Amino acid sequence: IGIRNMFITLQMKSSKQVEKQPEEPQKSQLHKDINKIIVDITKASEEKKTTRTEILQEVKEIKFVGTDNKTYNSLVIFLPYVYVQNQRNLITKIVNDVQTKKKLITFVVASRTVIHKKSDFKQKIPRNRTLTSVYDSILEDLISPGLIIGKRSRYHLDGSLVQKIFVGDEHKEALEPRVDIIAQVYKKLTNRKISIEFRNEICFINKGKEKEKKPTKQVKNTRTSKKPAAKNE
């Protein structure tokens, strides 16, 4: 009887453990719609087609304040790091398609993991897994296709830090309307304040001017091919 009771109690405990397993969170309709857009674009691409049905990792709706002091929503799409690196030519298509269908300003960010210094990571922490590197990479994804050419940190009297980001003016027309939105979205994602300015990238490499070749003077040939006349004896 004792063995039977033990068996029953063990069976009850195992059933409770199975019941307590956390269920996967149900994905919203927005997540499903955007994932379908990404999968369709990837399958239609000529290079590196995929058979996956789930690519999108996360979607965040972030509010920002416009120039008219009204709040609007923007979308931040988190995709796998490997996908973003291999499908660079599809990122602009995904952003444009989502913006036209959802009527919201959209950004694509590669999902990265941060390893804390006090974690149980036994090896040396890679540079691209530090907090500073991950936050800098997020900013590069938000500013894309622009390129960061310089940074400057400024501390205010109250101790707050503001980073000035200098971006090349090659894509100024496309990025200038989004400058305030990028700063607000980056503040919500990383809790860091930034201000963005456009500058012309200065190149300090001076190419030496080719020396002009002086025309060579033509020397007159004084010698004649005629032989001297023979003397008359």
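Predicted model, so just to flag it, every value in this text is computed and none were measured.
Cluster annotation: Val39 and Val108 are assigned to the same hydrophobic cluster (Ile/Leu/Val/Met/Phe/Trp/Tyr, side-chain heavy-atom contacts under 4.5 Å, transitive). Linking ILVMFWY side-chain heavy atoms closer than 4.5 Å, directly or via other members, places Phe166 and Ile138 in two distinct hydrophobic clusters.
Here the straight-line distance linking atom CD1 of Ile105 with atom CG of Leu75 works out to 10.0 Å at 0.5 Å rounding. Rounded to the nearest 0.5 Å, atoms CG (Leu175) and CD (Glu170) are 11.0 Å apart. For the atom pair Asn96 CG and Lys101 NZ, the distance stands at 12.0 Å (nearest 0.5 Å). Interatomic distance, CG of Leu142 versus CD1 of Ile181, reported as 11.5 Å (0.5 Å rounding). The CZ atom of Phe198 sits 7.0 Å away from the NZ atom of Lys172 when rounded to the nearest 0.5 Å.
In this structure a side-chain-to-backbone donor-acceptor pair under 3.5 Å is present from His116 to Lys118. Put simply, the side chain of Ser119 never gets that close to the backbone of Ile115: no donor and acceptor are under 3.5 Å apart. Asp180 contributes no side-chain N or O that, together with a main-chain N or O of Phe64, makes up a donor-acceptor pair within less than 3.5 Å. Asp97 places no side-chain N or O within donor-acceptor distance of the main-chain N or O of Lys93, the cut-off being under 3.5 Å. A distance-only check finds no donor-acceptor pair linking the side chain of Ser133 to the backbone of Arg129 [under 3.5 Å].
There is no side-chain donor-acceptor pair under 3.5 Å between Tyr81 and Thr113.
The pair Asp33-Lys102 meets the salt-bridge criterion, with a side-chain N (NZ, NE, NH1 or NH2) lying under 4.0 Å from an Asp/Glu carboxylate O. Residues Lys36 and Asp40 are paired through a salt bridge, judged by an N-O separation under 4.0 Å between the basic side chain and the carboxylate. Using a cutoff of 4.0 Å between basic side-chain nitrogens and carboxylate oxygens, Arg112 and Asp141 are scored as salt-bridged.
Counting only heavy atoms from C-beta outward, the side chains of Lys60 and Phe78 approach each other to under 4.5 Å. Between Ser153 and Leu161, some side-chain heavy-atom pair lies under the 4.5 Å cut-off. The closest side-chain heavy-atom distance from Asn73 to Ile62 is not below 4.5 Å.
Closest approach of Ile38 to Thr42, counting heavy atoms only: O-OG1, 2.7 Å. Counting all heavy atoms, side chain and backbone alike, Asn128 lies closest to Val134 at O-CG2, 3.7 Å. Taking every heavy atom of both residues into account, Lys164 and Ser195 meet most closely at CG-OG, 3.3 Å. Contact between Thr106 and Leu104 at its shortest, heavy atoms only, is OG1-O, 3.0 Å. Across all non-hydrogen atoms, the minimal contact from Tyr186 to Arg192 is CD2-O, 3.7 Å. Contact detail for Glu58 and Leu56: the closest heavy-atom pair is O-CD1, 3.5 Å.
For the side-chain contact (heavy atoms from CB on, under 4.5 Å) with Arg199, the qualifying choice from Val167, Asp169, Ile149 is Ile149, the only one to do so.
Under the 6.0 Å distance and 45° angle rule, Arg178 counts as a cation-pi partner of Phe107.
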